[in-house]
2 protein chains.
Amino acid sequence: MADGRSTDGRVADVEPVRRAATLKDVARLAGVDASTVSRVLRADPSQGVRDATRERILDAARVLNYRANAVAQSLRTRRTDTFAVIVPTLDNPGFVEVIRGIQAEAAAAGKLVLLVEADVIASGDLSLARREELFARLVLDGRADALIAAFATLEDRLVARLSDRGVPLVLVNRRQPGIPGSVAVDDAHAAQLAVRHLLDLGHTRIGFVGFGDRTDTARRREQGYRDAMASAQLAVDARWTVSRDPSRQGGLEATAEILSAAPPDAVPTAIFCVSLLSAIGALAALREHGVAVPRQMSVVAFNDHEIANDTAPPLTTVRLPNLEMGREAMRMAMRAADGLSVAQTIVEGPIELVPRASTAAPASG
Amino acid sequence: MADGRSTDGRVADVEPVRRAATLKDVARLAGVDASTVSRVLRADPSQGVRDATRERILDAARVLNYRANAVAQSLRTRRTDTFAVIVPTLDNPGFVEVIRGIQAEAAAAGKLVLLVEADVIASGDLSLARREELFARLVLDGRADALIAAFATLEDRLVARLSDRGVPLVLVNRRQPGIPGSVAVDDAHAAQLAVRHLLDLGHTRIGFVGFGDRTDTARRREQGYRDAMASAQLAVDARWTVSRDPSRQGGLEATAEILSAAPPDAVPTAIFCVSLLSAIGALAALREHGVAVPRQMSVVAFNDHEIANDTAPPLTTVRLPNLEMGREAMRMAMRAADGLSVAQTIVEGPIELVPRASTAAPASG
DNA sequence: ACGTTGAGTACGACGGCGGTT
DNA sequence: GAACCGCCGTCGTACTCAACG
């Protein structure tokens with residue numbers, strides 16, 4: 001019992017848990033008004049305060065270990081200095097890099113990040129309305145100053161509704177008509193880079209493992225693939241192009257489908273996978289089917305990561321400026337929160353092929 | 001120009017952006033007092049409200065699209081329903097699983113998660129004081145109800161100071177004297193499982209790639225290794241035990257050191273790596289040095305992940321209940337936020353060896 | 001009339017208390 | 001005399017305005 005910090009007194013343990021000091025407490029101790037304390041502590045430049053007064057206040061604040069209550073500040077200023085970020089999953093290394101860029105920029109600006117991993121939330125049978133409700137809580141209820149929606153998880157309708165309700169919103173690697181703020185890379189160009197690498201090696205039958213056409217990211221990547229094929233005057237066999245989740249499992253299934261669907265002489269000699277994880281799944285499928293990589297089949301992945309060095313064989317990839325995309329998204333979100341206008345942006349920063357051991361010239365014959 | 005929210009003048013754009021409706025607005029529309037609205041909207045059971053009144057209020061709220069302002073609520077109730085989570089890095093798949101568990105539990109309870117990735121913050125030369133300041137902002141300023149510190153990033157001193165300042169705190173996979181709340185797994189047992197697998201295969205010279213002794217997690221894992229060796233009456237050569245960052249790079253360096261430090265006849269025939277990433281680095285080092293896995297060297301990793309199927313060769317691992325650890329951490333954090341007592345907990349849930357291709361009997365001779 | 005400072009109120013919701021029916 | 005419901009103070013800070021010297 002008489003454990004500790006009870007401010008004395010015989011017993012009468014008034015104040016069991018010492019309340020944090022407030023502006024008023026500091027004011028009382030310094031012998032000034034709370035508003036003066038506020039001015040000093042915020043270093044409000046528009047207001048002069050006598051040095052002696054300032055000193056007294058600073059001392060008092062130090063003595064009381066004063067910390068401004070962020071919630072009260074937010075209520076008053078209508079800013080939380082917090083930004084909500086929605087990603088589909090943290091399993092995908094690409095998202096992790098984006099988040100890292102977001103956090104770096106946030107930390108530099110003294111902002112905090114509220115993270116929501118959509119696939120965790122979505123497990124369970126949440127209806128659209130219910131999910132919208134969840135996301136709405138983030139910004140509409142005043143918990144965050146803006147929302148960064150990374151990638152393609154959210155339905156267009158949901159995004160549009162949030163935007164309509166006045167939520168400052170930045171889309172990452174995704175665009176949508178009517179939504180002004182977005183940060184993306186040149187997906188089509190990146191995809192072309194990958195496919196051209198295969199073309200340069202001499203491949204003519206190149207398969208495609210995508211993730212559908214519901215998002216413009218996916219569409220742009222597929223378009224890049226098709227354009228590269230077209231400009232090499234090569235046909236695209238529908239049996240070579242399959243869409244699945246951008247996960248290991250998805251890539252595995254898609255690749256198995258490609259292998260089984262086409263007659264042996266029409267099987268592609270290379271596959272372009274539109275996500276790193278699906279490429280890893282493709283390698284697994286090829287292994288299961290006894291197809292040697294790269295001798296019998298080359299594989300290129302979209303999105304680089306350290307782990308690409310450690311797969312069997314190491315994966316040739318296209319590296320994207322994910323970190324920079326995250327940084328730019330955060331900067332844009334801060335502007336959006338300030339009511340400034342935002343635009344659809346393509347991130348500069350290098351997009352480059354990282355050649356490793358999963359690609360080679362096709363077996364002759 | 002006449003674009004929007006210019007505060008100015010002539011045009012007299014009263015209410016350029018429509019303000020969100022407040023309790024008072026709803027009250028006015030429904031013809032009741034704000035407090036009654038509050039009661040109805042919170043479905044306060046201790047207070048009766050006539051059905052007709054309730055209906056009117058509900059209608060009014062619907063019409064105005066009313067949403068309670070979370071900041072104002074927090075100020076009044078002193079709860080933010082937000083929990084801060086600190087992880088060292090999202091690169092480590094183990095942390096990701098923990099976070100997923102945290103988020104799942106949080107979502108189920110209607111809580112939000114503020115995520116801080118410490119290595120992002122720490123880049124740059126932040127002093128201890130400055131980092132503490134950053135973490136303090138999370139809870140001390142009232143932005144979060146409790147803090148979940150996942151794993152071993154934070155210095156003991158920092159943790160102790162936060163705890164002393166009254167921050168409800170839960171440590172994940174880490175304990176510290178004086179800090180009541182923690183969630184961990186039986187690391188020593190898990191490590192023994194790994195080492196015993198190697199012993200069972202016939203290995204007697206087993207190396208250890210750890211990550212130092214600054215955290216009790218690391219110490220417990222090393223202890224498990226040493227205990228397993230001791231109970232098999234095997235010696236541990238100091239040249240076989242190396243500590244580095246639990247990253248790919250760290251594992252790579254540590255393994256290279258083990259390979260070069262010992263005379264050829266004293267090199268271990270197996271290595272136990274205390275993190276998944278360092279095991280992946282170990283594989284890379286062994287590849288560089290031309291050591292065949294598992295023929296010449298077996299490797300076991302601590303912490304399982306899907307990617308262990310895709311390394312060359314696939315990694316034998318010990319799977320831990322990371323998800324459950326995250327869930328329990330979140331539940332404990334909620335209790336801590338309520339001022340309830342918390343304890344040092346060992347998570348139930350299976351710890352099991354996942355045998356893959358990176359382990360085999362040592363080469364005879 | 002100038003630099004300093006205090007008083008007062010708004011931010012939006014909660015909740016105790018007391019007054020009506 | 002319960003059942004309903006309104007009044008008002010409170011949470012902690014920011015900021016306008018006026019008053020002080």
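Below, each value reflects all heavy atoms present in this structure, side chains not excepted, and no hydrogens, waters or symmetry copies.
Rounded to whole Å, atom C1' of C:dA13 lies 13 Å from atom CG of B:Asp44. If you measure from atom OH of B:Tyr66 to atom C1' of C:dA13, you get 7 Å, rounded to the nearest angstrom. In this entry the distance linking CG of B:Leu23 with P of C:dC11 reads 13 Å, nearest Å. One atom, CZ of B:Arg143, and another, C1' of D:dT13, lie 13 Å apart when rounded to the nearest Å. Put simply, CG on B:Asn69 is 12 Å from P on C:dC11, counting in whole angstrom units. Following rounding to the nearest Å, A:Asp25 (CG) and D:dC11 (C1') show an atom-to-atom distance of 13 Å. Rounded to whole Å, atom C1' of D:dT13 lies 13 Å from atom CZ of B:Arg78. Between B:Lys24 atom NZ and D:dG6 atom P there is a gap of 15 Å when expressed in whole angstrom units.
Residue contacts shown for B:Val71 are absent, as no nucleic acid heavy atom lies under 4.0 Å away. B:Thr53 comes within 4.0 angstrom of sugar-phosphate atoms only, judged by non-hydrogen atoms across all strands, and of no base. At the heavy-atom level, A:Arg42 lies under 4.0 Å from the strands shown only through sugar-phosphate atoms. Within 4.0 Å of A:Ala68, counting heavy atoms only, lie sugar-phosphate atoms of the nucleic acid but no base atom. Nucleic acid contact class of A:Arg54 (heavy atoms, under 4.0 Å, all strands): none. Contact annotation for B:Val37: no contact, since no heavy-atom pair falls under 4.0 Å across all strands.
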Original post:
Yes or no on side chain to side chain contact (heavy atoms under 4.5 Å, CB included) for B:Val170 and B:Leu147, after CA distance, side-chain angles and deciding distance?
Top reply: CA-CA 6 Å; B:Val170 173; B:Leu147 184 61; over 6 Å; no

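Residue B:Ser35 places no side-chain atom within donor-acceptor reach of the base of D:dC8, judged by atom type and a 3.5 Å distance cut-off alone. Within 3.5 Å, no donor on the side chain of B:Arg19 pairs with an acceptor on the base of C:dG12, nor the reverse.
When the nearest nucleotides of DNA chain D are assigned to B:Arg39 and B:Leu75 by heavy-atom distance, the more 5′-ward of the two goes with B:Arg39. Between B:Gly31 and A:Thr77, the residue whose closest nucleotide on DNA chain D is further toward the 5' end is B:Gly31.
In this structure, B:Ser38 contributes its side chain and B:Ala34 its backbone to no donor-acceptor pair below 3.5 Å. Put simply, the side chain of A:Asp33 gets close to the backbone of A:Ser35: a donor and an acceptor are under 3.5 Å apart. A donor-acceptor pair is defined here as one N or O able to donate and one able to accept, closer than 3.5 Å; such a pair exists between the side chain of A:Arg56 and the backbone of A:Ala30. A:Asp145 places no side-chain N or O within 3.5 Å of a backbone atom of A:Ala337 that could act as its donor or acceptor partner.
Residue A:Ser38 has a polar side-chain atom (N or O) positioned under 4.0 Å from OP1 or OP2 of D:dA14. Regarding contacts with the backbone of D:dC15, every side-chain N or O of A:Arg76 stays at 4.0 angstrom or more from both OP1 and OP2. When the side-chain nitrogen and oxygen atoms of A:Thr36 are compared with OP1 and OP2 of C:dG6, one or more of them lie within a distance under 4.0 Å.
The closest side-chain donor-acceptor pair between B:Ser74 and B:Arg143, if any, does not fall under 3.5 angstrom.
For A:Gln73, the listed nucleotide lying nearest its side chain is D:dT13; candidates were D:dT13, C:dA13, C:dC17. The side chain of B:Thr22 has C:dA13 as its nearest neighbour among D:dC5, C:dA7, C:dA13.
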